[in-house]
Amino acid sequence: MSEIGAPQAKTSLFPQLFTNNQLKIFALIAMTADHVGLQLLPGFGFLRIIGRLAFPIFAYMIAEGCQYTKNRKKYLLTLAIMAALFQLVYFFAMDSVYQGIFVTFSLSVSLIFAVDHAEERRTVPSRLLAVGVLLTIVFLCSVLPRLWTTSDFEVDYGLCGVLLPAAVYFER
C-alpha cells in the first residue's frame, strides 16, 4: 500500500511484463539484428525474423510517449527534426527518397495529436484539422507512391505502420 499523499506511479496503456526501458532495449537489439541481417549477413534469415519484433514495440513506445509527454509540441518537433535530418543523410548517401521510420512515427504522432485536439475542442476547425491530417497521411502513404512511379518514394511500413501507434494510443 502507498502512503497517503505519496505520488502514484503512472500506469501504462497496457499491463506490462517489462518496463518501458527494457522494451526499448529489446527493440533496439531486435532492430540491430534486422539491420545486420539485411546489410551484413543476408544468408541469416533468422536475424530478419528477430528484427520484425522491433517495429511493433517502437510503435507501442510512440503511443506511450504521446500519452505521457509533458510538451506535445516539443515531442512532435523532436521527431520531425530527427526525421528531416535522417532523410537528408539517407537521400545524399543512398540517392533515395524512401521515407524512414522517423517519418512514419512523425506522421503517427501528428495524427494522434490532431485527433486528440479535435476530441478536446469539439469545434469544426479542430475536426477539419484532424480530417486534413488523416487525408494527408493517406495521400503520402497510399496515393503518392502510386503517382510517383519514377522514384522509390514510399513511407516505411506504409499506412498501416502510421496507423498502428494511433490504434494503440486510442485503445485506451
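On a predicted model such as this, the values are computed, not experimentally measured, just so you know. Scope of the values below: all heavy atoms of this structure, side chains included, with no hydrogens, waters or symmetry mates.
- Checked options V138, L164, T104; the residue passing with L159 is V138 (criterion: side-chain contact (heavy atoms from CB on, under 4.5 Å)).
- Proximity of the aromatic rings of Y157 and F105 is defined here by a centroid distance below 6.0 angstrom, and this criterion is not met.
- To the nearest 0.5 Å, atoms CG (D34) and CE (M31) are separated by 9.0 Å.
- Atom CG of N71 is surrounded by more than 12 heavy atoms from other residues, nucleotides or ligands within 6.0 Å.
- You'll find the side chain of L53 reaches within 4.5 Å of the side chain of F26, heavy atoms only.
- Note that the CZ atom of F113 and the OG1 atom of T69 stand 6.0 Å from one another [nearest 0.5 Å].
- For R52, the CZ atom counts as densely surrounded, since its 6.0 Å shell holds more than 12 non-hydrogen atoms of other residues, nucleotides or ligands.
- For the atom pair CG of L134 and CG of L163, the computed distance is 7.0 Å after rounding to the nearest 0.5 Å.
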Decide side chain to side chain contact (heavy atoms under 4.5 Å, CB included) for L23 and E64; before the verdict, give the C-alpha distance in whole Å, the side-chain angles of both, and the deciding distance to 0.1 Å. CA-CA 12 Å; L23 283 174; E64 287 278 291; over 6 Å; no
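- Tested against W148, the residues Y98, F153, F139 include a single ring pair (Phe, Tyr, Trp, His ring centres under 6.0 Å) partner, F153.
- Scanning all heavy atoms of the two residues, the minimum distance from S106 to A83 falls at OG-CB, 3.9 Å.
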Give the intermediate values and the outcome of side chain to side chain contact (heavy atoms under 4.5 Å, CB included) for residues D156 and F102. CA-CA 9 Å; D156 207 9; F102 274 87; over 6 Å; no
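- When side chains are defined from C-beta on, D116 counts as touching E119, because their heavy atoms get closer than 4.5 Å.
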Begin with the C-alpha distance, continue with both residues' side-chain angles, and end with the deciding distance and a verdict on side chain to side chain contact (heavy atoms under 4.5 Å, CB included) for V103 and F86. CA-CA 9 Å; V103 172; F86 289 143; over 6 Å; no
Verdict with supporting geometry, R121 and R127, side chain to side chain contact (heavy atoms under 4.5 Å, CB included): CA-CA 8 Å; R121 298 276 174 116; R127 290 177 179 162; over 6 Å; no
